[in-house]
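Sequence positions, counted from 1, serve as the residue numbers for this chain.
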Amino acid sequence: MAIRVYIKSTLATVVLLAAAGWTSSASAGNGSTAANTAITPAADKAAITSVLSAYETALNASDTEAIRRLYTEDVVLMRPFRPSVVGKAAVRQPSGAGPMSSTLNIKFTIAEIVEMAPDWAFARTNSAGTITVTTTGAMSPEANQELFIFRKDADGAWKIARYSFSPTIPRPQ
């Protein structure tokens, strides 16, 4: 059942991205399709890359407040096999719920950054490293593929509006 829900939410995200890309391309009047959506201008791409770097640093430091500063007020975190966390106020820990039970040591690799509209962009990343269970010290490999959807705030700063990830290696039992 959880896999079916995850597939449906992933499909909904893909539909949203396609619709946003089509709208942005159509409004530009250049006849391009979502598949040809241009990469953000250099300044926007650099700003989004900076946000991803800050997010990686904050995750590795288990710094919830630094993480929260990178989110929009209406952020939605979509995690595998768990309910979504909706709204910045609901984010209490990097995992989105409960006290920290593990620490991360990961590195993001950016696969692409794509502008969907003047104030919307997405980034597709991969991450790899380790996760350590805080109570036992047990360490295991950690690897995910991630999709970040960014929205530019009124002040021009890019923030994470939606974040979804899925593991690319089996989790230890």
Side-chain angles (χ1 to χ4, degrees), residues 2-3 5-6 9-10 12-13 16-17 20 40 43-114 116 119-173:
I3 292 173
V5 171
Y6 180 72
S9 68
T10 303
T13 301
L16 170 70
L17 291 174
T40 59
D44 286 337
K45 185 174 181 179
I48 290 169
T49 299
S50 179
V51 172
L52 288 167
S53 178
Y55 194 69
E56 173 187 293
T57 299
L59 282 173
N60 287 334
S62 300
D63 187 342
T64 304
E65 287 309 309
I67 291 167
R68 290 180 76 225
R69 284 191 295 273
L70 300 172
Y71 292 149
T72 60
E73 289 299 322
D74 64 344
V75 68
V76 177
L77 308 178
M78 296 169 283
R79 306 159 302 156
F81 313 111
R82 296 183 187 149
S84 295
V85 176
V86 180
K88 188 189 269 190
V91 178
R92 302 286 180 239
Q93 297 296 332
S95 66
M100 287 298 296
S101 59
S102 59
T103 56
L104 291 170
N105 183 10
I106 58 157
K107 174 83 176 134
F108 284 116
T109 302
I110 299 170
E112 64 181 332
I113 297 174
V114 177
M116 298 183 297
D119 295 340
W120 288 91
F122 74 84
R124 183 174 57 86
T125 63
N126 295 287
S127 62
T130 60
I131 186 167
T132 304
V133 178
T134 306
T135 55
T136 66
M139 183 185 299
S140 60
E142 175 77 1
N144 293 286
Q145 55 189 348
E146 301 92 8
L147 183 63
F148 293 86
I149 301 178
F150 291 87
R151 185 173 65 228
K152 195 180 284 189
D153 272 356
D155 67 358
W158 286 99
K159 300 275 181 120
I160 300 167
R162 305 292 182 269
Y163 173 55
S164 180
F165 69 94
S166 62
T168 56
I169 59 173
R171 300 255 167 135
Q173 297 297 335

Subject >> Stepwise side chain to side chain donor-acceptor pair (under 3.5 Å) check, Gln145 with Ser166 >> reply: CA-CA 6 Å; Gln145 55 189 348; Ser166 62; 3.1 Å; yes
Original post:
Quick one: CG on Asn60 to CG on Leu104, what's the gap to the nearest 0.5 Å?
Top reply: 6.5 Å
Subject >> Those residues that, when tested against Thr57, pass side-chain contact (heavy atoms from CB on, under 4.5 Å) (two or more places apart) >> reply: none
**OP:** Can you tell me which residue pairs pass the salt bridge (charged side-chain N to carboxylate O under 4.0 Å, His left out) test with a partner in residues 122-143, sequence neighbours excluded?
**Re:** Glu112-Arg124, Glu142-Arg171
Original post:
What residues form a salt bridge (Lys or Arg N to Asp or Glu O under 4.0 Å) with Asp119, not counting sequence neighbours?
Top reply: none
Subject >> Which residues share a side-chain contact (heavy atoms from CB on, under 4.5 Å) with Glu146, sequence neighbours left out >> reply: Phe108, Thr125, Ser127, Asn144, Phe148, Tyr163, Phe165
Original post:
For Ile169, what residues pass the side-chain contact (heavy atoms from CB on, under 4.5 Å) criterion, not counting sequence neighbours?
Top reply: Pro141, Ala143
**OP:** Might you work through the side-chain contact (heavy atoms from CB on, under 4.5 Å) test for Val75 and Leu77, ending with a clear yes or no?
**Re:** CA-CA 7 Å; Val75 68; Leu77 308 178; 3.8 Å; yes
**OP:** I would like to know whether Ile160 and Tyr55 meet side-chain contact (heavy atoms from CB on, under 4.5 Å); could you show each step before the answer?
**Re:** CA-CA 9 Å; Ile160 300 167; Tyr55 194 69; 3.6 Å; yes
Subject >> Short side-chain to backbone donor-acceptor contact, Asp153 and Asp155, under 3.5 Å >> reply: no
Subject >> Exercise: identify the closest heavy-atom pair between Phe122 and Met116 >> reply: CD2-SD, 3.6 Å
**OP:** Only counting residues at least two apart or in another chain, list the ones meeting side-chain contact (heavy atoms from CB on, under 4.5 Å) with Glu65.
**Re:** Asp63, Arg68, Arg69
Original post:
Judged by atom type as modelled, is there a donor-acceptor pair below 3.5 Å linking the side chain of Thr132 to the main-chain atoms of Thr134?
Top reply: no
Original post:
Roughly how far apart are Met139 CE and Ser102 OG, rounded to 0.5 Å?
Top reply: 12.0 Å
**OP:** May I have the step-by-step check of side-chain contact (heavy atoms from CB on, under 4.5 Å) for Thr103 and Ile131, ending in yes or no?
**Re:** CA-CA 6 Å; Thr103 56; Ile131 186 167; over 6 Å; no
**OP:** Drop me the distance from Ile110's CD1 to Thr49's OG1, to the nearest 0.5 angstrom.
**Re:** 4.0 Å
Original post:
Can you tell me how far CH2 of Trp158 sits from NZ of Lys45, rounded to the nearest 0.5 angstrom?
Top reply: 13.5 Å
Original post:
Of all heavy-atom pairs between Met78 and Ser84, which one has the smallest distance, and what is that distance?
Top reply: CG-OG, 3.5 Å
Original post:
Listed by chain and number, what are the side-chain hydrogen bond (donor to acceptor under 3.5 Å, both in side chains) partners of Asp74, not counting sequence neighbours?
Top reply: Thr72, Arg151
Original post:
Between Ala90 and Val85, what is the shortest heavy-atom contact and its length?
Top reply: CB-CG1, 3.7 Å
Subject >> Nearest-0.5 Å distance, CG of residue Leu70 to CD of residue Glu56 >> reply: 12.0 Å
Subject >> Pairing residues for Lys152 by the side-chain hydrogen bond (donor to acceptor under 3.5 Å, both in side chains) criterion, not counting sequence neighbours >> reply: Asp44
